[in-house]
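First the structure, in the form of structure tokens, and then the observations on it.
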Amino acid sequence: MNKTLTASLITATLALAGSPAFAQMTEESARASLVPFYQALNAVNAKDAPELIKQSTAPAWVTCRGNDLCNTRDEVMAGVGQRLKAIPDLKWEIKEVLVSGNHVIVRGEATGTPAGELMGAPTNGKSFKLMSLDIHTLEGGKIARTYHVEDWQGAFRQVSQK
């Protein structure tokens, strides 16, 4: 009986491993899906940002900066222009991509110089550089969910020091 059960489990596992749903995404295919999203975070693409977000995300996409602090795709598309206006030279780069199944971890870097206040805090006219970590779930080549953390506290320190 144990041999039959073991053989059945092995057969089922091999069948799943060969299915497209179980296939490991490559770093190249992950990057191709993510590039339009990261382009949308760059000030040089401000006028195209909402369309780039729409192109790279699923309609039900949400992005979360905490366990329960999430924004919908429509909310992000409506607000991206404000961030790009506040930091008119904002540049977000993908530095590293790690893939596990349909999850993609991106270590990114943002640089920019705020035009006046940054999120309500006074600035010194200097630029900042911050690191970001994003965990994306991809489905059908589109981002379905994102969890993200950015070092905005470090950015505030850089732009507020005299």
Side-chain angles (χ1 to χ4, degrees), residues 23-162:
Q24 175 73 22
M25 182 180 354
T26 66
E27 180 183 334
E28 292 76 24
S29 65
R31 279 183 183 269
S33 294
L34 295 170
V35 163
F37 176 78
Y38 285 90
Q39 288 175 337
L41 303 178
N42 287 276
V44 70
N45 299 315
K47 68 178 178 61
D48 299 321
E51 186 54 38
L52 289 166
I53 291 169
K54 191 174 186 179
Q55 174 186 335
S56 58
T57 60
W61 172 68
V62 294
T63 181
C64 305
R65 60 190 181 282
N67 288 331
D68 298 320
L69 299 170
C70 302
N71 295 97
T72 66
R73 179 167 85 166
D74 289 341
E75 290 170 334
V76 173
M77 289 189 309
V80 69
Q82 293 173 352
R83 172 73 51 90
L84 298 176
K85 185 176 179 184
I87 310 168
D89 63 344
L90 183 62
K91 183 177 181 185
W92 220 289
E93 294 181 79
I94 296 173
K95 293 295 189 177
E96 184 176 8
V97 174
L98 301 170
V99 178
S100 178
N102 70 335
H103 293 93
V104 182
I105 300 168
V106 175
R107 181 178 59 84
E109 181 178 271
T111 57
T113 310
E117 292 184 345
L118 179 61
M119 298 180 204
T123 62
N124 58 13
K126 294 181 181 177
S127 299
F128 67 84
K129 181 189 300 187
L130 67 79
M131 182 179 70
S132 64
L133 296 173
D134 304 320
I135 302 172
H136 302 285
T137 302
L138 272 62
E139 295 174 359
K142 302 282 185 184
I143 305 169
R145 185 172 199 90
T146 301
Y147 290 97
H148 61 97
V149 178
E150 298 91 20
D151 182 21
W152 285 108
Q153 187 175 26
F156 284 120
R157 272 195 306 278
Q158 295 169 56
V159 299
S160 64
Q161 295 174 346
K162 302 273 186 232

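- You'll find the side chain of H103 reaches within 4.5 Å of the side chain of T137, heavy atoms only.
- Rounded to the nearest 0.5 angstrom, E27 CD and E96 CD are separated by 8.5 Å.
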Quick one: do T26 and V99 satisfy side chain to side chain contact (heavy atoms under 4.5 Å, CB included)? Show the steps, please.
-> CA-CA 7 Å; T26 66; V99 178; over 6 Å; no
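- Within the model, atoms CG of L138 and CE of M25 stand 4.5 Å from one another, a figure rounded to the nearest 0.5 Å.
- Contact annotation: the side chain of W61 never approaches that of N71 to less than 4.5 Å [non-hydrogen atoms, C-beta and beyond].
- Of all the heavy atoms in A155 and L130, the pair that sits closest is CB-CD2, 3.9 Å.
- Atoms CG and NZ, from L133 and K95 in turn, are 14.0 Å apart once rounded to the nearest 0.5 Å.
- Of the possible donor and acceptor atoms, one in the side chain of N42 sits under 3.5 Å from a partner among the backbone N and O of Y38.
- A donor-acceptor pair is defined here as one N or O able to donate and one able to accept, closer than 3.5 Å; such a pair exists between the side chain of Q158 and the backbone of K129.
- Within 6.0 Å of the CG atom in N67, the count of heavy atoms belonging to other residues, nucleotides or ligands does not exceed 12.
- Of the possible polar contacts, one joining the K142 side chain to the Q55 backbone as a donor-acceptor pair under 3.5 Å is found.
- Side-chain atoms of F128 and F156, non-hydrogen and from C-beta on, never get closer than 4.5 Å to each other.
- In this structure, CH2 in W92 is found 14.5 Å from CG in N45, a value given to the nearest 0.5 Å.
- S100 OG to I135 CD1: the interatomic distance, rounded to the nearest 0.5 Å, is 10.5 Å.
- Using a 4.5 Å heavy-atom cutoff, the side chains of C64 and R145 are in contact.
- Of the candidates T57, V62, T63, T57 is the only one forming a side chain to side chain contact (heavy atoms under 4.5 Å, CB included) with R73.
- Side-chain N or O atoms of D89 include one that pairs as donor or acceptor with a backbone N or O of T113 at under 3.5 Å.
- Note that CD of E93 is 6.5 Å distant from OG1 of T111, once rounded to the nearest 0.5 Å.
- Between the E75 side chain and the T72 main chain, a donor and an acceptor come within less than 3.5 Å of each other.
- Taking 4.5 Å as the limit, every side-chain heavy atom of W152 sits out of range of all side-chain heavy atoms of R65.
- Side-chain N or O atoms of D151 include none that pairs as donor or acceptor with a backbone N or O of M131 at under 3.5 Å.
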